[in-house]
K.L.:
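This is the structure, below, for whatever I ask next.
These figures come from a predicted structure and were not determined experimentally. In what follows, chains are A, B, ... by sequence order, proteins preceding strands, each numbered from 1.
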2 protein chains.
Amino acid sequence: MRILVIEDETKVGCFIKRALEEESYAVDLCEDGAKGLQMALITDYDVLIVDLMLPSLPGLEILKGVRQARIQTPILILTAQSQVDQRVKGLDAGADDYLTKPFAIDELLARIRALLRRGSTESPGVLQIDDLALNPATREVTRGGQRIDLTSKEYALLEYLMRHTGRVLTRPMISEHVWNQDFDTFTNVIDVYVNYLRNKIDRGHSKKLIHTIRGSGYMLKVD
Amino acid sequence: MRILVIEDETKVGCFIKRALEEESYAVDLCEDGAKGLQMALITDYDVLIVDLMLPSLPGLEILKGVRQARIQTPILILTAQSQVDQRVKGLDAGADDYLTKPFAIDELLARIRALLRRGSTESPGVLQIDDLALNPATREVTRGGQRIDLTSKEYALLEYLMRHTGRVLTRPMISEHVWNQDFDTFTNVIDVYVNYLRNKIDRGHSKKLIHTIRGSGYMLKVD
DNA sequence: GTCTTCAATGACTAGAATACGCATAGTTGT
DNA sequence: ACAACTATGCGTATTCTAGTCATTGAAGAC
């Protein structure tokens with residue numbers, strides 16, 4: 001899951017970035033509003049976090065710019081306690097949620113989970129496909145009730161797959177959202193990690209959940 | 001837009017109801033949790049507003065009940081200032097947003113507008129000609145409900161044909177869009193692939209969908 | 001007008017060349 | 001020791017080439 005943070009206060013920005021990365025999100029941090037808008041327009045993020053008090057470009061303009069481009073990425077805005085009317089304007093301009101500074105990092109994480117959930121077709125807090133379940137809040141993965149231990153990257157990959165069950169995910173898409181980088185044809189990390197996941201999730205089960213779409217990418221589904 | 005408010009404090013409930021009605025929403029007010037869940041399950045509301053502190057049934061149970069029934073109506077929860085962890089649990093249980101009491105009515109209205117905006121953008125996305133259907137998201141192709149397996153190139157060709165149903169597509173056009181290269185007269189790949197497609201799609205059906213326009217190119221249509 | 005002929009165009013097939021994905025082993029860095 | 005990633009070789013599905021066979025439709029013969 002790829003997240004863009006637009007926040008001019010370096011300290012706050014870095015703090016958020018680190019916290020999100022620990023949850024294995026792919027995070028881009030931008031300290032400039034205009035540049036941030038650019039990034040939001042050209043890259044397919046899963047969530048945008050925007051501070052409404054920015055030096056170069058008011059946060060509201062970013063919202064408007066993004067929504068005008070018909071991009072529906074969930075947006076979480078950050079405001080100071082005092083800016084009640086800003087907040088209302090923000091929500092009307094297309095923001096999906098807000099948080100007042102200062103905030104508890106746990107709450108930020110919970111809200112991001114909520115936003116991610118809303119964007120996908122699934123609504124319950126626990127992602128489930130057949131007998132495979134993933135709980136984003138606890139990062140617990142089970143298949144048939146059996147706990148499965150995953151590394152951070154494996155988890156991030158599986159979460160991305162599960163949030164887009166039934167859709168074909170191309171390598172560039174996976175690379176962008178799980179690895180925070182543009183696709184490099186000369187590596188096969190994705191294949192390797194899909195293989196790791198298969199060993200942990202599909203091996204020994206007759207129903208395979210991870211499918212490869214030759215020439216396109218991968219897909220999670222029940223046949 | 002129909003809204004259900006589940007709130008036990010009569011005064012607060014009535015206040016919300018009146019405010020919403022002034023905005024010309026259709027509002028049902030319910031002061032009992034269990035009854036509220038019932039109403040949410042049998043009626044198709046556009047938004048649910050749920051107080052997390054209810055006498056008969058904890059608000060969280062309502063959330064779970066609704067989400068278990070696979071109802072995806074946006075839910076806004078109301079909590080007291082102090083119940084931070086309740087709030088987090090609520091979001092994780094499937095709530096889309098929350099508001100802490102006391103709140104400004106303007107803010108409630110803004111949040112409801114945000115929630116309503118969310119749900120509205122749906123697109124079918126499935127291409128269909130006669131009994132032939134192609135779903136770009138899953139790359140699934142069916143004819144008469146029967147699944148058809150296509151290779152990557154076959155799929156690309158069919159998608160191009162289906163996106164331009166009823167129009168004559170010349171070989172140079174196909175070459176450019178499907179093979180993304182300039183046309184080379186000394187190859188017959190296109191013919192070969194049209195043949196592959198015919199075998200998989202038209203063979204055995206009396207209604208042929210792929211037609212050749214002699215001297216020009218190919219065309220997908222129902223006669 | 002209709003029948004033949006025949007060149008152009010497209011249909012089909014088989015097999016060669018290629019690219020793709022998988023598995024495994026090795027390397028780096030924490 | 002472990003996670004993250006790189007490198008390599010192998011089997012196979014896919015893609016493409018090249019050649020033969022079938023169909024079309026227009027021109028000339030009757």
K.L.:
Could you give the NZ-to-P distance, from A/Lys153 to D/dA4, as a whole number of Å?
P.N.:
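To the nearest whole Å, that distance equals 6 Å.
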K.L.:
Strictly under 4.0 angstrom, non-hydrogen atoms only: write out the protein contact profile of nucleotides 23-30 of chain C, one letter per nucleotide from the 5' end, B, S or -.
P.N.:
BB------
K.L.:
Under 4.0 Å: is that the gap between some side-chain N or O of B/Thr187 and OP1 or OP2 of D/dC16?
P.N.:
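No, no such contact exists.
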K.L.:
Quick one: does A/Leu220's side chain get under 4.5 Å of A/His211's, heavy atoms only?
P.N.:
no
K.L.:
Please compare B/Gly217 and A/Gly215 by the position of their nearest nucleotide in DNA chain C and report the one closer to 5'.
P.N.:
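Its nearest nucleotide lies further toward 5', so the answer is B/Gly217.
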K.L.:
In whole angstroms, how far is the P atom of D/dC2 from the NZ atom of A/Lys200?
P.N.:
11 Å
K.L.:
Roughly, in whole Å, what's the span from CG in A/Leu197 to C1' in C/dG21?
P.N.:
16 Å
K.L.:
What integer distance in Å separates B/Ile190:CD1 from D/dC16:P?
P.N.:
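In whole Å, D/dC16 P and B/Ile190 CD1 are 10 Å from each other.
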K.L.:
Looking at B/Arg171, I'd like to know whether one of its side-chain N or O atoms comes within less than 4.0 Å of OP1 or OP2 on C/dT9.
P.N.:
no
K.L.:
What is the separation between atom OH on B/Tyr155 and atom P on D/dT15, rounded to the nearest whole Å?
P.N.:
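After rounding, the gap between these two atoms is 14 Å.
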K.L.:
Please determine whether a side-chain nitrogen or oxygen atom of A/Thr212 lies at a distance below 4.0 Å from atom OP1 or OP2 of C/dC20.
P.N.:
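Result: no.
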K.L.:
Check A/Arg171 with A/Asp191, please: is the shortest side-chain N to carboxylate O separation under 4.0 Å?
P.N.:
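Looking at A/Asp191 and A/Arg171, the cut-off is met.
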K.L.:
Taking A/Lys208 first and then A/Asp202, would you say they form a salt bridge - that is, a charged N and a carboxylate O separated by under 4.0 Å?
P.N.:
no
K.L.:
Give me the ring orientation class for B/His164 and B/Tyr160: parallel if the planes are under 30° apart, tilted from 30 to 60°, perpendicular past 60°.
P.N.:
tilted
K.L.:
Tell me whether the side-chain N/O atoms of A/Ser152 come closer than 4.0 Å to OP1 or OP2 in D/dA3.
P.N.:
no
K.L.:
Think B/Trp179 has a side-chain N or O under 4.0 angstrom from the OP1 or OP2 of D/dC16?
P.N.:
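For D/dC16, OP1/OP2 do have a side-chain N/O of B/Trp179 under 4.0 Å.
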K.L.:
Starting from P on D/dA3, measure out to OH on A/Tyr193 and report it in whole angstrom.
P.N.:
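One finds 9 Å between P of D/dA3 and OH of A/Tyr193, rounded.
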K.L.:
Take atom CZ of A/Arg214 and atom C1' of C/dC20, then tell me their distance rounded to the nearest Å.
P.N.:
4 Å
K.L.:
When you measure from the centre of the six-membered ring of A/Tyr155, is the NZ or CZ of A/Arg139 closer than 6.0 Å and no more than 45° off the axis?
P.N.:
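Yes.
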K.L.:
Using whole Å, what does the distance between atom P of nucleotide D/dG25 and atom CD1 of B/Ile213 come to?
P.N.:
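The distance from CD1 of B/Ile213 to P of D/dG25 comes to 11 Å, rounded to the nearest Å.
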K.L.:
With a 4.0 Å cut-off, would you call A/Arg2 and A/Asp44 a salt bridge?
P.N.:
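No, no charged N to carboxylate O under 4.0 Å.
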